[in-house]
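I have placed the structure first, in the form of structure tokens, so that the comments after it can refer back to it.
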Amino acid sequence: MKKVLVMNGPNLNLLGMREKNIYGSETLGDIEQKVKAEAEMLNIEIEFMQSNHEGELIDRIHDARGKFDVIIINPGAYTHYSIAIRDAVKAVEIPTIEIHLSNVHAREEFRSKSVIAPVCVGQISGFGSGSYVVALHAATLI
Ligand code: DQA
């Protein structure tokens, strides 16, 4: 069975109350349930986590070596400037999919730049919580 680590970066714990017009009204807990149900249908084993701390995200990427086949990551604002997370993804050589709830290319200019996407298999952006579901399907293809 494929094992997938689903990672969420800073401020995603506030989903459901944070900028609902952009991110929707589902909480991260709602999204976790949705992802778990989809994973069961796809016969994928998942672990779901969130952290507001760059170092903790990096430690979890390191720990994923030998344990997970694919990483799905919504790095939040770290997307746009964390070379350290980029280097961690590159270092562990686990196929990684970057995801975003919002379409980062349709917002402020600084959001259209991802320093992490170039070391990922690809980026899924703009489908709300559906981005997580699409990413799970993509994980079955890699
Ligand atoms: C986000 C987009 C980022 O630009 C932002 O900083 C977030 C959420 C998204 O899922 O749309 O925190 O990653």
Side-chain angles (χ1 to χ4, degrees), residues 1-40 42 44-142:
M1 197 190 272
K2 212 164 224 177
K3 288 190 178 171
V4 177
L5 175 61
V6 183
M7 306 185 72
N8 294 279
N11 301 309
L12 293 167
N13 55 312
L14 297 183
L15 287 178
M17 56 79 65
R18 170 193 183 205
E19 298 180 90
K20 282 188 188 180
N21 56 322
I22 295 171
Y23 299 119
S25 52
E26 285 168 284
T27 65
L28 193 61
D30 295 334
I31 294 175
E32 181 173 0
Q33 291 317 308
K34 199 178 205 172
V35 168
K36 284 192 169 154
E38 192 72 19
E40 217 165 284
L42 294 170
I44 291 175
E45 196 178 312
I46 67 155
E47 199 170 306
F48 195 95
M49 60 84 60
Q50 188 274 333
S51 176
N52 292 321
H53 305 280
E54 188 178 28
E56 192 179 340
L57 292 164
I58 292 166
D59 286 344
R60 291 298 295 269
I61 293 168
H62 293 178
D63 287 347
R65 265 187 310 170
K67 294 187 191 141
F68 292 95
D69 304 298
V70 176
I71 295 173
I72 294 171
I73 184 166
N74 182 346
Y78 285 139
T79 305
H80 315 299
Y81 68 94
S82 178
I83 309 291
I85 292 178
R86 174 200 171 110
D87 285 352
V89 168
K90 177 92 176 153
V92 297
E93 293 181 334
I94 299 170
T96 298
I97 303 167
E98 180 181 297
I99 61 169
H100 301 285
L101 295 143
S102 64
N103 179 352
V104 288
H105 304 287
R107 300 178 60 195
E108 299 98 327
E109 203 179 329
F110 69 84
R111 292 190 203 276
S112 65
K113 169 79 181 168
S114 169
V115 298
I116 300 171
V119 297
C120 292
V121 179
Q123 183 194 59
I124 297 161
S125 176
F127 297 91
S129 63
S131 292
Y132 290 77
V133 174
V134 174
L136 268 187
H137 283 261
T140 67
L141 305 173
I142 56 178

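Along the sequence shown, the residues carry numbers beginning at 1. Reckoned from all heavy atoms, side chains included, excluding hydrogens, waters and symmetry mates.
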Heavy-atom donor-acceptor pair, [X] side chain to [Y] backbone, under 3.5 Å:
| X | Y | result |
| --- | --- | --- |
| Gln50 | Gly9 | yes |
| Thr96 | Val70 | no |
| Ser51 | Leu57 | no |
| Asp59 | Glu56 | no |
| Asn8 | Met49 | yes |
| Ser82 | Thr79 | no |
| Ser129 | Ile31 | no |
| Tyr78 | Glu54 | yes |
| Lys2 | Ile142 | yes |

Nearest heavy-atom neighbours spanning [X] and [Y]:
| X | Y | value |
| --- | --- | --- |
| Ser125 | Ser102 | OG-O, 2.9 Å |
| Pro10 | Pro75 | CD-O, 3.5 Å |
| Ala64 | Leu5 | CB-CD2, 4.0 Å |
| Ile94 | Asp69 | CG2-O, 3.6 Å |
| Ile99 | Ile72 | CD1-CG2, 3.6 Å |
| Leu136 | Ala39 | CD1-N, 3.7 Å |

Output the distance between atom [atom1] ([X]) and atom [atom2] ([Y]), rounded to the nearest 0.5 Å.
| X | Y | atom1 | atom2 | answer |
| --- | --- | --- | --- | --- |
| Leu14 | Thr27 | CG | OG1 | 11.5 Å |
| Asp63 | Phe68 | CG | CZ | 9.5 Å |
| Ile83 | Lys90 | CD1 | NZ | 13.0 Å |
| Met1 | Ile46 | CE | CD1 | 11.5 Å |
| Asp30 | Leu15 | CG | CG | 9.5 Å |
| Asn74 | Ile116 | CG | CD1 | 9.5 Å |

Check: Glu38 and His137 side chains under 4.5 Å, non-hydrogen atoms: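 Of all side-chain heavy-atom pairs linking Glu38 with His137, at least one is under 4.5 Å.
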Could you check whether any side-chain heavy atom of Arg18 comes within less than 4.5 Å of a side-chain heavy atom of Leu12, counting everything from C-beta outward?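 When only atoms from C-beta onward are counted, Leu12 and Arg18 do touch, with a gap below 4.5 Å.
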Donor + acceptor pair across side chains of Ser114, Glu98 (<3.5 Å):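 Yes, side-chain donor-acceptor contact under 3.5 Å.
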Strictly by modelled atom types, are Glu108 and His80 linked by a side-chain donor-acceptor pair under 3.5 Å?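 Side-chain D/A pair, Glu108 to His80: absent.
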Quick one: do Ser112 and Val104 satisfy side-chain contact (heavy atoms from CB on, under 4.5 Å)? Show the steps, please. CA-CA 5 Å; Ser112 65; Val104 288; 5.8 Å; no
With Glu47 via salt bridge (Lys or Arg N to Asp or Glu O under 4.0 Å) - residues at least two apart: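 Partners of Glu47 under the salt bridge (Lys or Arg N to Asp or Glu O under 4.0 Å) test: Arg60.
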Checking side-chain contact (heavy atoms from CB on, under 4.5 Å) for the pair Gln123/His100: CA distance, chi angles, key distance, verdict? CA-CA 8 Å; Gln123 183 194 59; His100 301 285; 3.9 Å; yes
Is atom CZ of Arg107 surrounded by more than 12 heavy atoms (other residues, nucleotides or ligands) closer than 6.0 Å?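 Correct, the count exceeds 12.
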Tell me if the CD atom of Glu19 is crowded by more than 12 foreign heavy atoms within 6.0 Å.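 Enclosed: over 12 neighbouring heavy atoms sit under 6.0 Å from CD of Glu19.
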Could you tell me whether Glu32 and Lys36 have a side-chain N and a carboxylate O separated by less than 4.0 Å?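 The answer is yes: the pair qualifies as a salt bridge.
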Run the numbers on Glu26 and Lys34 for side-chain contact (heavy atoms from CB on, under 4.5 Å), then give the verdict. CA-CA 10 Å; Glu26 285 168 284; Lys34 199 178 205 172; 3.3 Å; yes
